[in-house]
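The structure appears below as structure tokens.
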Amino acid sequence: MAAIELTGVHKRFGAVQAVRGIDLWVEPGEVVAFLGPNGAGKTTTIDMVLGLSEPTSGKVSVYGMAPKDAVRRGLVSAVMQTGGLLKDLTVAETIAYTAHLFPRSRPPTEVMARAGITEISGRLVGKCSGGEQQRLRFAMALLPDPLLLLLDEPTQGMDVEGRRSFWAAIRHDADAGRTIVFATHYLEEADAYADRVVLVRRGEIVADGTASEVKALASGRTVRATLADPDEAALRSIPGVDRVEVRGSSVVVHCADSDTVARYLLTETAAKDLEVAALGLEDAFVALTGDDSRLSPVADPGSGR
């Protein structure tokens with residue numbers, strides 16, 4: 001049984017087609033990054049999985065049942081980026097109050113420890129930083145011990161150490177069988193922690209696979225070099241060059257033929273410290289979801305598994 005199954009899902013708001021025929025299958029225990037630019041249909045899709053919205057056509061199921069039924073049974077929790085907190089309560093009071101909303105709940109002390117907020121349990125929510133409030137939302141979401149956890153920008157406002165410990169907790173939960181689906185603008189988090197990356201563009205899935213597979217869909221490489229006075233026009237004129245970035249004495253060339261660019265830099269300029277690399281997830285994200293989006297000839301987007 002799929003944790004999430006979307007079959008031929010469309011969602012229309014008047015004349016606006018927000019979701020255009022998404023097919024998606026998420027296995028129990030998977031950690032899935034659901035990524036796309038603003039307006040791509042991510043939030044609309046997540047709302048349908050949470051039962052907050054109905055598809056115009058198609059079918060959405062969560063663990064084999066209607067999303068509202070899954071939420072009602074405590075199988076699904078969500079950590080949203082904003083809202084849902086009373087600023088005049090303490091952290092511990094917020095957890096205790098929320099625990100009473102569920103027919104069964106994990107101990108408040110346990111979820112606070114899991115979220116790393118035990119030390120601030122007596123602090124007023126209004127006095128907590130943005131990252132601490134996000135950890136509080138995470139603790140609240142863990143109370144019903146859900147099988148599926150949906151995260152929207154879960155580490156927004158957290159420092160580097162906080163983000164690292166947060167993802168360690170998420171990985172531990174996934175290893176125990178919890179399904180995690182998250183949206184984030186920190187693409188390095190998707191690259192590092194997701195079992196699978198799903199890219200959406202204009203309401204459609206354009207890529208679905210591991211981070212390595214998604215990066216491979218966007219053909220091209222980058223060539224970095226240290227060059228005191230780069231001739232941007234000359235670099236752009238090299239066959240296969242897509243764009244050139246100059247950052248002080250560093251130049252980054254995005255191209256289809258890295259050998260030609262490297263040969264030019266080594267023989268025609270005083271460049272040094274050359275680095276040739278495949279596109280990263282951020283580069284693939286831009287290439288596959290931008291207005292001029294184009295896939296490599298071997299791409300098989302939207303497999304949906």
Side-chain angles (χ1 to χ4, degrees), residues 20-24 32-42 182-305:
R20 305 166 183 265
I22 283 184
D23 295 306
L24 182 65
V32 179
F34 193 59
L35 310 177
N38 292 335
K42 302 188 305 298
F182 69 94
T184 181
H185 284 94
Y186 295 119
L187 297 185
E188 68 274 15
E189 292 184 345
D191 199 353
Y193 300 109
D195 300 322
R196 179 174 162 204
V197 174
V198 177
L199 289 184
V200 291
R201 174 180 182 263
R202 295 180 180 175
E204 299 176 309
I205 294 177
V206 296
D208 182 354
T210 66
S212 296
E213 290 169 342
V214 170
K215 286 184 279 190
L217 293 181
S219 58
R221 291 178 176 270
T222 58
V223 180
R224 299 173 183 269
T226 300
L227 186 59
D229 189 21
D231 186 339
E232 291 186 53
L235 290 170
R236 291 194 183 96
S237 68
I238 299 172
V241 169
D242 294 324
R243 71 180 191 274
V244 177
E245 301 175 29
V246 177
R247 306 165 184 171
S249 61
S250 177
V251 60
V252 181
V253 182
H254 300 259
C255 58
D257 186 352
S258 57
D259 291 342
T260 299
V261 173
R263 188 177 301 112
Y264 172 85
L265 288 170
L266 290 172
T267 60
E268 302 295 332
T269 74
K272 58 183 181 180
D273 301 328
L274 261 69
E275 296 180 10
V276 179
L279 293 182
L281 187 59
E282 182 175 350
D283 297 301
F285 178 90
V286 172
L288 299 174
T289 64
D291 289 337
D292 60 346
S293 173
R294 61 185 186 279
L295 300 173
S296 72
V298 297
D300 182 19
S303 65
R305 299 209 175 173

Measure the shortest side-chain to side-chain distance between Val261 and His254 over non-hydrogen atoms and say whether it is less than 4.5 angstrom.
no
With heavy-atom distances below 4.5 Å as the criterion, would you say the side chains of Lys215 and Asp191 are in contact?
yes
Compare all side-chain heavy atoms of Leu265 with those of Leu235 and state whether any distance is below 4.5 angstrom.
yes
Please indicate whether Glu282 has more than 12 foreign heavy atoms, meaning atoms of other residues, nucleotides or ligands, lying under 6.0 Å from its CD.
no
Over all atoms of both residues, closest heavy-atom pair of Ala284 and Leu199:
O-CD1, 4.5 Å
What are the two closest non-hydrogen atoms of Phe285 and Pro37, and how far apart are they?
CZ-N, 3.6 Å
Rounded to the nearest 0.5 Å, what's the gap from CG on Leu288 to CD1 on Ile205? Could you check?
13.0 Å
To the nearest 0.5 Å, what is the distance between CZ on Arg221 and CD on Glu275?
13.5 Å
Could you state the interatomic distance from CG (Leu227) to OG1 (Thr269), rounded to the nearest 0.5 Å?
5.0 Å
My understanding is that only residues two or more places apart in sequence, or in another chain, count here; which of them pass ring-ring contact (aromatic ring centres under 6.0 Å, His included) with Tyr193?
Trp167
Rounding to 0.5 Å, atoms CG (Asp231) and OG (Ser237) come to a distance of 7.5 Å
Supply the atom-to-atom distance Glu204 CD to Asp23 CG, rounded to the nearest 0.5 angstrom.
11.0 Å
Distance from Leu35 atom CG to Leu281 atom CG, nearest 0.5 Å?
6.5 Å
